[in-house]
Amino acid sequence: IKKLTLPQVYENYRSAVVLLSKIGFNAQQVWDMSHAEINAWIESYLIQHGVKKKSLRSDETVTSYVFRRRKSQEKKGA
């Protein structure tokens, strides 16, 4: 099992807060959730939005999803 650094843990938490805020949770509610509960809510959100879950057969690779906010682009020629 790969250990995460503190910045990686914080980035994962922020990503979960951003995603779960779309469902109606606030940051404190996400903080109070267990890891399993956060995963269940994220999985539910992805299923509602048409993301299909891959089966974990030995001949398939596991796909992970990274959620990041896009940085707004600077205005050109301003």
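Only a predicted model underlies this, so the values are computations on that prediction, with no experimental measurement involved.
- Remark: E37 pairs with no residue by the side chain to side chain donor-acceptor pair (under 3.5 Å) rule, at least two apart or across chains.
- The CE atom of M33 sits 5.5 Å away from the CG atom of L20 when rounded to the nearest 0.5 Å.
- For the salt bridge (charged side-chain N to carboxylate O under 4.0 Å, His left out) condition, no pair includes a residue of residues 16-32, sequence neighbours left out.
- Among residues two or more places apart in sequence or in another chain, the side-chain contact (heavy atoms from CB on, under 4.5 Å) test is passed with A27 by Y13, V17.
- L4 belongs to a hydrophobic cluster with V9, counting contacts under 4.5 Å between side-chain heavy atoms of Ile, Leu, Val, Met, Phe, Trp and Tyr, direct or through other members.
- Sorted by first and then second residue, the salt bridge (charged side-chain N to carboxylate O under 4.0 Å, His left out) pairs with a member in residues 40-51 read E43-K53; sequence neighbours excluded.
- Atoms CD1 and CD, from I23 and Q48 in turn, are 6.5 Å apart once rounded to the nearest 0.5 Å.
- Contacts of Y10 classified as ring-ring contact (aromatic ring centres under 6.0 Å, His included), with partners at least two apart in sequence or in another chain: none.
- Looking at residues two or more places apart in sequence or on another chain, you find a side chain to side chain donor-acceptor pair (under 3.5 Å) between N39 and H35.
- In the hydrophobic clustering, I47 connects to no other residue, as no ILVMFWY side-chain heavy atoms lie under 4.5 Å from its own.
- Every residue two or more places apart in sequence or in another chain was checked for a side chain to side chain donor-acceptor pair (under 3.5 Å) with S34, and none qualifies.
- Between the CG atom in L19 and the CD1 atom in I38 there is a gap of 10.5 Å [rounded to 0.5 Å].
- Remark: S15 OG to I42 CD1 distance equals 8.5 Å, nearest 0.5 Å.
- Nearest heavy-atom pair, K3 versus Q8, reported as atom, atom and distance to 0.1 Å: O-OE1, 4.4 Å.
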